[in-house]
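Computed from a predicted model, the values in this text were never measured in an experiment.
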Amino acid sequence: MSSSYIPAPPSDAPVVIPRGILRLLALVDVTTAGRRVLDELLYLSSPETGTVEISQNEMCAVLGASKPTVNRGFKELRECGLAWGLEDGRYQLHPLLTGGKVSSPVMPIPEIKAAEPERFTEQRRARYAAQVANLAATG
């Protein structure tokens with residue numbers, strides 16, 4: 001059964017991510033699908049817990065993407081430690097992305113798996129350099 005419901009953010013408060021964390025995100029190698037899922041999770045995250053409640057069908061509707069694409073995005077985020085499932089339709093963002101907010105103070109927090117810039121391929125180095133330059137330009 002498909003759902004056309006699209007959840008609204010729990011707050012109008014801005015999502016603030018420090019520049020150092022943005023630099024770390026530039027080193028996390030996820031596809032466009034993974035980044036789009038992450039951006040939507042950040043948009044919908046609870047400012048109190050860093051959690052998001054959204055079903056797979058809702059995420060597909062929001063992104064205009066297929067289930068395999070959304071599943072790949074969620075899988076990449078889990079594998080690199082940026083977000084993980086707590087239960088069906090409920091996700092936790094890494095506390096570095098949420099100002100330290102988590103749903104449980106005893107929750108194990110995975111390490112974010114980011115690549116070392118020196119080990120990037122030429123294409124990834126160019127992408128990384130552009131991302132870092134954009135950070136510097138907005139500072």
Side-chain angles (χ1 to χ4, degrees):
M1 184 168 140
S2 177
S3 171
S4 61
Y5 171 77
I6 297 177
S11 167
D12 287 333
V15 175
V16 178
I17 301 174
R19 290 183 188 281
I21 303 306
L22 291 172
R23 175 165 276 168
L24 176 66
L25 287 175
L27 294 171
V28 175
D29 193 24
V30 295
T31 63
T32 302
R35 186 57 199 226
R36 291 180 67 212
V37 169
L38 177 61
D39 289 345
E40 191 62 27
L41 291 175
L42 285 166
Y43 172 72
L44 295 173
S45 65
S46 163
E48 289 84 33
T49 63
T51 59
V52 180
E53 294 189 22
I54 187 168
S55 72
Q56 180 189 55
N57 286 338
E58 290 166 347
M59 184 63 81
C60 290
V62 167
L63 299 180
S66 67
K67 283 186 181 182
T69 298
V70 167
N71 281 341
R72 184 174 63 249
F74 277 123
K75 180 181 179 196
E76 289 175 1
L77 297 178
R78 182 181 67 251
E79 288 175 349
C80 69
L82 292 173
W84 55 92
L86 299 173
E87 55 192 46
D88 280 351
R90 188 162 180 245
Y91 302 91
Q92 176 70 57
L93 287 163
H94 195 285
L96 287 176
L97 302 175
T98 65
K101 307 293 187 206
V102 291
S103 61
S104 170
V106 296
M107 172 183 296
I109 306 298
E111 179 180 343
I112 295 176
K113 295 174 182 77
E116 295 295 324
E118 304 81 42
R119 301 180 70 180
F120 277 13
T121 63
E122 286 305 313
Q123 180 181 11
R124 290 177 68 203
R125 284 178 205 214
R127 185 172 66 198
Y128 171 71
Q131 290 169 328
V132 170
N134 283 339
L135 288 176
T138 61

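- Between Leu93 and Ala83, the shortest heavy-atom distance links the atoms CD2-CB, 4.0 Å.
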task: Begin with the C-alpha distance, continue with both residues' side-chain angles, and end with the deciding distance and a verdict on side-chain contact (heavy atoms from CB on, under 4.5 Å) for Leu63 and Thr69.
output: CA-CA 10 Å; Leu63 299 180; Thr69 298; over 6 Å; no

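- Closest heavy-atom contact between Met107 and Leu86: CE-CD2, 3.7 Å.
- Side-chain contact between Glu76 and Val37: absent, with no pair of heavy atoms (C-beta onward) separated by less than 4.5 Å.
- The CG atom of Leu24 sits 5.0 Å away from atom CD1 of Ile112, with the distance rounded to the nearest 0.5 Å.
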message: side-chain contact (heavy atoms from CB on, under 4.5 Å), that's the test. Do Gln56 and Lys67 meet it? Break it down for me.
response: CA-CA 7 Å; Gln56 180 189 55; Lys67 283 186 181 182; 3.3 Å; yes

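- Looking at Glu40 and Met59, their side chains come closer than 4.5 Å, going by heavy atoms from C-beta outward.
- Follow the hydrophobic side-chain contacts under 4.5 Å out from Ile109 and you never reach Leu42; the two are in separate clusters.
- With a 4.5 Å cut-off on side-chain heavy atoms, Leu38 and Leu97 count as touching.
- With a 4.5 Å cut-off on side-chain heavy atoms, Lys101 and Ser45 do not count as touching.
- No donor-acceptor pair closer than 3.5 Å links the side chain of Arg72 to the backbone N or O of Ala33.
- Judged by distance alone, with hydrogens and angles left aside, the side-chain atoms of His94 form a donor-acceptor pair with the main-chain N or O of Pro110 at under 3.5 Å.
- Classification of the Phe74-Tyr91 ring pair by plane angle, with boundaries at 30° and 60°, yields parallel.
- In this structure the side chain of Leu77 reaches within 4.5 angstrom of the side chain of Leu41, judged on heavy atoms.
- Using a 4.5 Å heavy-atom threshold, the side chains of Leu82 and Leu25 count as touching.
- Residue Lys75 qualifies as open at atom NZ: its count of foreign heavy atoms under 6.0 Å is 12 or below.
- Scanning all heavy atoms of the two residues, the minimum distance from Glu53 to Glu58 falls at O-OE1, 4.5 Å.
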